[in-house]
Asker: 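If you scroll down you'll find the structure; I have some questions about it.
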Amino acid sequence: MEISAAPLIYLLIFVAVVVLVEGLYLTVFGKSISLNSRMSRRLSLLEKNSNREQVLEQLRKEMNQHLNAKNIPLYSILAKKAQKANIAFSPKALIGIMALLSVFSFLALTVATSADAMIRAVLAVGMGVGGVYVWVNNKAKKRIGLLEEQLPDSIELMVRSLRVGHPFSAAIGIVAKEIPDPLGSEFGIIADEAAYGRDVTESLKAFAERMDSQDLRFLAVAVAIQQQSGGNLAEILEGLSKVIRARFKLFRKVKAITAEAKWSGMFLSAFPILALIMINVIQPDYYDEVRETSVFIPTALVVVVFLVVNIIFMKIMTNIKV
């Protein structure tokens, strides 16, 4: 029995592409860009450059550059994810990295496999683009998850600051110093914008829309209502913190209850692909007798369509909204 290692080689090259993106990102921007760093990126930049205005300009540029470039062909599929992940690479740099990784993948496939040049080129482009997309998507999920966890603690810190007599802008500044990223730098930007004259409510609304977060929208609306009608902002934010914690607890409970259904959907979606890979590894000549027939390619295309439809429907069925 002949065993082919080609599918495993493709998988290892794709994993190497994702790891290379992460390594390049940390090499260019250092540990300050990491979300698990105790010091926020804003404070780290202020240590290197004491000019507050220049740091604010750099962070705002990183903050808006991806949505501003969503009109670039094919980049729109990545723009929103990159925006939520707050990727410091510029859109042009990300496109350049995709091209560089595609070249790397093509060379690796040339060395490690004997596939045709056209197949290697298509796979290389798919690995370069797909690797960057997977990396950005994982970054966005991790950042949004950390932001949702940090928000109730940040609001409670604002409540304590307001009760000792600090104004709301100063309370945001305290959060920016005490809370790590992602909220540390985000609230630091809001505090700096308030210092230069921008309305805090507008900054909060822009932040909420950029992150597409319902909890942040609640915060922006609560602050806007208090500014227009008055009232005890500390009490309003304390109630909001309790609501956000209750929502977060409910989401976790629903996630636990639906975990089995989601994993079943993922397994049913991935099993045909894994089975195809294992067949090609264990018995590479399994399809040789039918490969040259006239119906092989149309049948293969129909199978691919059914696989895509299966994945879409499994995603819809297991995506439970609260």
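Keep in mind it's a predicted model, so treat the numbers as computed, not measured. Heavy-atom basis, side chains included; hydrogens, waters and symmetry copies ignored.
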Asker: Output yes when a side-chain donor or acceptor of Gln65 lies under 3.5 Å from a complementary backbone atom of Pro91, and no otherwise.
Answerer: no
Asker: Please find the pair of heavy atoms, one from Ala222 and one from Leu240, that lie closest to each other, and give the distance.
Answerer: CB-CD2, 4.4 Å
Asker: List the atom pairs, donor and acceptor, that lie under 3.5 Å between side-chain atoms in residues 14-21 and the rest of the protein, sequence neighbours left out.
Answerer:
none

Asker: Can you get from Trp135 to Val28 by hopping between Ile, Leu, Val, Met, Phe, Trp and Tyr side chains that sit under 4.5 Å apart?
Answerer: yes
Asker: Taking Leu107 as the starting point, is it possible to reach Ile97 by hopping between hydrophobic residues whose side chains are less than 4.5 Å apart?
Answerer: no
Asker: Listed by chain and number, what are the side-chain hydrogen bond (donor to acceptor under 3.5 Å, both in side chains) partners of Lys81, not counting sequence neighbours?
Answerer: Asn137
Asker: If only atom types and distance count, is the side chain of Ser241 paired as donor or acceptor with the main-chain N or O of Leu237 below 3.5 Å?
Answerer: no
Asker: What I want to find out is whether Glu186 reaches Arg42 closely enough, with some N-O distance under 4.0 Å, to be called a salt bridge.
Answerer: no
Asker: Would you say the side chain of Met211 lies within less than 4.5 Å of the side chain of Arg143, judging by non-hydrogen atoms?
Answerer: yes
Asker: Is it the case that one hydrophobic cluster holds both Leu146 and Phe207, taking links as side-chain heavy atoms less than 4.5 Å apart, direct or via other members?
Answerer: no
Asker: Using a cut-off of 6.0 Å, state whether more than 12 heavy atoms not belonging to Glu57 lie near its atom CD.
Answerer: no
Asker: For the side chain of Ser185 and the backbone of Arg41, is there at least one donor-acceptor N/O pair under 3.5 Å apart?
Answerer: yes
Asker: Could you name each residue pair satisfying ring pair (Phe, Tyr, Trp, His ring centres under 6.0 Å) that touches residues 106-133, not counting sequence neighbours?
Answerer: none
Asker: Please determine whether residues Phe168 and Ile189 belong to a single hydrophobic cluster, defined as Ile, Leu, Val, Met, Phe, Trp and Tyr linked transitively by side-chain heavy-atom distances below 4.5 Å.
Answerer: no
Asker: Can you give each donor-acceptor pair under 3.5 Å made by side-chain atoms of residues 291-300, sequence neighbours left out, with the distance rounded to 0.1 Å?
Answerer:
unit_1: Thr293; atom_1: OG1; unit_2: Val290; atom_2: O; d: 2.6
unit_1: Thr299; atom_1: OG1; unit_2: Val295; atom_2: O; d: 2.6

Asker: Below 4.0 angstrom, N of the basic side chain to O of the carboxylate: do Glu149 and Arg252 qualify?
Answerer: yes
Asker: State, to 0.1 Å, how close Pro167 and Leu162 come at their nearest heavy-atom pair, and which atoms those are.
Answerer: C-CD2, 4.0 Å
Asker: Within the distance-only criterion (no hydrogens, no angle test), does the side chain of Asp199 pair as donor or acceptor with the backbone N or O of Thr201 below 3.5 angstrom?
Answerer: yes
Asker: Around Tyr287, counting heavy atoms of other residues, nucleotides and ligands shown, do more than 12 lie under 6.0 Å from its OH?
Answerer: yes
Asker: For Glu53, enumerate each residue passing the salt bridge (Lys or Arg N to Asp or Glu O under 4.0 Å) test, keeping only those at least two apart in sequence or located in another chain.
Answerer: none
Asker: Using modelled atom types only, decide if a donor and an acceptor are shared between the side chain of Glu148 and the backbone of Ile244 within a distance under 3.5 Å.
Answerer: no
Asker: Who are the salt bridge (Lys or Arg N to Asp or Glu O under 4.0 Å) partners of Glu47, not counting sequence neighbours?
Answerer: none
Asker: Show every side chain to side chain donor-acceptor pair (under 3.5 Å) that has at least one partner inside residues 158-178, sequence neighbours left out.
Answerer: Arg163-Glu238
Asker: Using side chain to side chain contact (heavy atoms under 4.5 Å, CB included) as the criterion, list what pairs up with Ala99, not counting sequence neighbours.
Answerer: none
Asker: Each residue besides Val221 in its hydrophobic cluster should be listed here, by chain and number; the cluster joins Ile, Leu, Val, Met, Phe, Trp and Tyr at side-chain heavy-atom distances under 4.5 Å.
Answerer: Ile225
Asker: Checking the side chain of Gln226 only, and the main-chain atoms of Gly231 only, is there a donor and an acceptor separated by less than 3.5 Å?
Answerer: yes
Asker: I'd like to check the side-chain hydrogen bond (donor to acceptor under 3.5 Å, both in side chains) partners of Tyr25; sequence neighbours left out, ordered by chain and number.
Answerer: none
Asker: Measure across Ile179 and Ser154 and return the closest heavy-atom pair with its distance rounded to 0.1 Å.
Answerer: CG1-OG, 3.7 Å
Asker: Could you tell me which non-hydrogen atom of Leu43 sits nearest to which non-hydrogen atom of Ala176, and how far apart they are?
Answerer: CD1-O, 4.1 Å
Asker: Please lay out, stage by stage, how Leu233 and Gln227 fare under the test side chain to side chain contact (heavy atoms under 4.5 Å, CB included).
Answerer: CA-CA 9 Å; Leu233 183 58; Gln227 286 184 348; over 6 Å; no
Asker: Starting at NZ of Lys80, measure out to CG of Leu78 and round the result to the nearest 0.5 Å.
Answerer: 12.5 Å
Asker: Using the side chain to side chain contact (heavy atoms under 4.5 Å, CB included) rule, pick out the option among Leu157, Asp153, Ile190 that qualifies with Val175.
Answerer: Leu157
Asker: Go through the structure and list residues passing salt bridge (Lys or Arg N to Asp or Glu O under 4.0 Å) with Arg52, not counting sequence neighbours.
Answerer: Asp192
Asker: Which residues satisfy the side chain to side chain contact (heavy atoms under 4.5 Å, CB included) test with Ala108, sequence neighbours excluded?
Answerer: Ile13
Asker: Do any N or O atoms from the side chain of Asn51 and from the backbone of Gln54 form a donor-acceptor pair under 3.5 angstrom?
Answerer: yes
Asker: On a heavy-atom basis, which atom in Gly128 and which in Leu101 lie closest, and how many Å separate them?
Answerer: CA-CB, 4.1 Å
Asker: Give a yes-or-no answer on whether the side chains of Arg120 and Thr110 include a donor-acceptor pair shorter than 3.5 Å.
Answerer: yes
Asker: In plain terms, say whether Asp215 and Arg245 are close enough for a salt bridge, that is, a side-chain N and a carboxylate O under 4.0 Å apart.
Answerer: no
Asker: For residues Met98 and Tyr10: do they belong to one hydrophobic cluster (side chain heavy atoms under 4.5 Å, members Ile, Leu, Val, Met, Phe, Trp, Tyr)?
Answerer: yes
